[in-house]
Amino acid sequence: IGDSSVLRKAMGVAQHHDAVSGTEKQHVADDYAKKLAKGWDRCEVLVSNALAGLSGLKQNFIFCNKLNISVCPRIEELGQFTVTLYNPLARAVNVFVRIPVNGTRYTLTDPKGSSVLNQIVPVSDFTKAVRKDRGYAVNELVFQARVPALGFSIYSVSRKSDSAVFRRPPPRR
Amino acid sequence: KGALKIENEYIRVLFDTNTGLISKIDNLHKNLSLPVTQSFYWYSASTGNSESGQPSGAYIFRPKGEAPFPMSKKVQTYTVQTDLFQEVYQNFSSWCSQTVRLYKNQKFVELEWTVGPIPVGDNIGKEVISRFDTPLKTDGIFYTDSNGREILARRRDYRPTWNLSQTEPVAGNYYPVNSRIYMKDGKIQLTVLTDRSQGGSSIKDGSLELMVHRRLLYDDNRGVGEPLSEPGYDGNGLIVRGKHFIFLETVDDSAELHRLQAQAEYMAPWTIMAEGAGTPYSSH
């Protein structure tokens, strides 16, 4: 059962001026983080239910909370997956999406079934250093998506055979 | 062989051949050009001095001197250029790096910085800033926002409601930056959008700076009772990664760009994955 009240309460607790300004003791900061993480866990279920209800498709949605460091172990190896983009703004937006993957060639289709230009690039050395590379994705899939106002788009991704090996462009010092 | 550069339909960013730092930004549509040097610096945190025993801490920002230390005078770079985006990777030190990114058709430059863990083995607390230096004549005026609503003009060493005797030339000019900071002359405006609240200032004319990370060794005696030194997941110190979005525009046209982009950033789309082929879908 999805439930937003856990996150709502955690957000309520984090309204304290110490949480806003970062002047709390470390163990209190840790506690705020724990409460917020637990709140988001329950919201993931809520969002999954909402997406399934709105689209009429029942799927096991995967939430990747570390995309900023190119970490999402549950999709990196998949041959086929979908990317759902929900736009909370009241106007349509174009966004660039970066997904960690291990393949080197993918086909991508937009909600109308049309092919979408995409790029595979290696994860940067900086990102590898941050995540102390523990077997995480080696590449990123980058594409531009359009998402309608207050709505969502689903893009489909399929891995092609890795016949062509990606070569990093020669560094320019 | 010539200066490293990245460009799209709207923006061109040039890099200094010797230092590897950003050296110039051009707005190709408006024919605007501004020499901009962007780099990272750190202030040495005060532990108190003869004028005041106040150390820098969780509540108080108080650098030891007015001049921050450059993270690096020269950075190693490499570039990745594709049909969708162009990037230049800059390595400032073992604990500071940045990706300068231009996506296709985007009207701003994206800087993705990664800072930390801040080393404190030398027993010096450090407060790290990203600074943009330009020749803009700003007469001590810069602008910061309050949650993107009211933009307030800030004047260096000045308060509108009392006669200020400035005792802290750096900290006394720092202001909260909830989502943006900018400076302008009569023609050009340089705007920096942030992805989180930070402290920021313009310590010299034509210069903007934002504090991106800090790690301190002493409590500031304001109640928290411990130094601000977050351990991170492995106990070695926190690593932070964030973004700054840079707009070079005319003064008249800047607001329309930075307000719309700030909305898009604040309410960025959620990305949710699912296994399997799925069915194409777009809601209305």
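Not measured: the values here are computed from a predicted model.
Rounded to the nearest 0.5 Å, atoms CD (B/Glu275) and CZ (A/Phe81) are 10.5 Å apart. Remark: B/Ile272 CD1 to A/Cys64 SG distance equals 10.0 Å, nearest 0.5 Å. Between the CD1 atom of A/Ile99 and the CE atom of B/Met273 there is a distance of 4.0 Å, given to the nearest 0.5 Å. Residue B/Trp270 holds its CH2 atom at 12.5 Å from CZ of A/Phe61, rounded to the nearest 0.5 Å. In this structure, CG in A/Asn68 is found 6.5 Å from CZ in B/Arg241, a value given to the nearest 0.5 Å. The structure places OG1 of B/Thr271 at 11.0 Å from CZ of A/Phe63, a figure rounded to the nearest 0.5 Å.
The side-chain tip of B/Arg101 does not point at the ring of A/Phe96 from less than 6.0 angstrom away and within 45° of straight on.
Note on A/Val147, A/Leu117, A/Asn87: by heavy-atom pairs under 4.5 Å with chain B, the leading option is A/Leu117. No other option in A/Lys132, A/Gln144, A/Glu44 has as many heavy-atom pairs under 4.5 Å with chain B as A/Lys132. Between chain A and the options B/Phe85, B/Tyr89, B/Tyr103, the largest number of non-hydrogen pairs under 4.5 Å is found for B/Tyr103. Between chain A and the residues B/Thr82, B/Asp220, B/Val88, the most heavy-atom pairs under 4.5 angstrom are made by B/Thr82.
When the shell of 6.0 Å around CH2 of B/Trp95 is examined, it contains more than 12 heavy atoms from other residues, nucleotides or ligands. Enclosure of atom CZ in B/Arg196 by more than 12 non-hydrogen atoms of other residues, nucleotides or ligands within 6.0 angstrom is indicated. Heavy atoms of other residues, nucleotides or ligands lying less than 6.0 angstrom from CG of A/Asn60 number 12 at most. The environment of A/Met11 atom CE is sparse: at most 12 non-hydrogen atoms of other residues, nucleotides or ligands sit within 6.0 angstrom.
Heavy atoms of A/Val95 lying under 4.5 Å from chain B belong exclusively to its side chain. Heavy atoms closer than 4.5 Å to chain B are found in the side chain of A/Val47, but not in its backbone. If you measure heavy-atom distances from A/Leu51 to chain B, the contacts under 4.5 Å come from the side chain alone. Looking at B/Thr114, only its side chain comes within 4.5 Å of chain A, counting heavy atoms on both sides. Heavy-atom distances place both the backbone and the side chain of A/Thr127 under 4.5 Å from chain B. Looking at A/Leu78, only its side chain comes within 4.5 Å of chain B, counting heavy atoms on both sides. The part of B/Leu228 that comes within reach of chain A is its side chain, from C-beta onward, which places non-hydrogen atoms under 4.5 angstrom from that chain. Contacts of B/Asn105 with chain A are absent, with no heavy-atom separation under 4.5 Å from either backbone or side chain. For B/Tyr266, no part lies near chain A; criterion is any non-hydrogen pair under 4.5 Å. Contacts between A/Leu85 and chain B at a heavy-atom distance below 4.5 Å involve backbone atoms as well as side-chain atoms. Contact annotation for B/Lys243: neither backbone nor side-chain heavy atoms come within less than 4.5 Å of a heavy atom of chain A. If you measure heavy-atom distances from A/Val93 to chain B, the contacts under 4.5 Å come from the side chain alone. Only the backbone of B/Gln98 has a heavy atom closer than 4.5 Å to any heavy atom of chain A. Interface remark: A/Arg91 contributes side-chain atoms only to the contact with chain B (heavy atom separation under 4.5 Å). Heavy atoms of B/Asn91 lying under 4.5 Å from chain A belong to its backbone as well as its side chain. Contact of B/Leu84 with chain A is made through backbone and side chain together, with heavy-atom distances under 4.5 Å. Neither the backbone nor the side chain of B/Arg214 comes within contact range of chain A; no heavy atoms are under 4.5 Å apart. For A/Val83, the parts lying near chain B are the backbone and the side chain together; criterion is any non-hydrogen pair under 4.5 Å. Of the atoms belonging to B/Glu265, not a single heavy atom falls under 4.5 Å from chain A.
When all heavy atoms are compared, the tightest approach of B/Ala277 to A/Ser156 is O-OG, 3.2 Å.
Annotation: residues 16-32 of chain A contacts chain B through A/Asp18, A/Gly22, A/Thr23, A/Glu24, A/Lys25, A/Gln26 [non-hydrogen atoms, separation under 4.5 Å].
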**Request:** May I have the step-by-step check of salt bridge (charged side-chain N to carboxylate O under 4.0 Å, His left out) for B/Glu87 and A/Arg98, ending in yes or no?
**Result:** CA-CA 14 Å; B/Glu87 295 174 330; A/Arg98 301 179 86 102; 3.0 Å; yes
**Request:** With side chain to side chain contact (heavy atoms under 4.5 Å, CB included) as the test, would you mind laying out the steps for B/Cys96 and A/Phe126 before giving the verdict?
**Result:** CA-CA 9 Å; B/Cys96 180; A/Phe126 306 150; over 6 Å; no
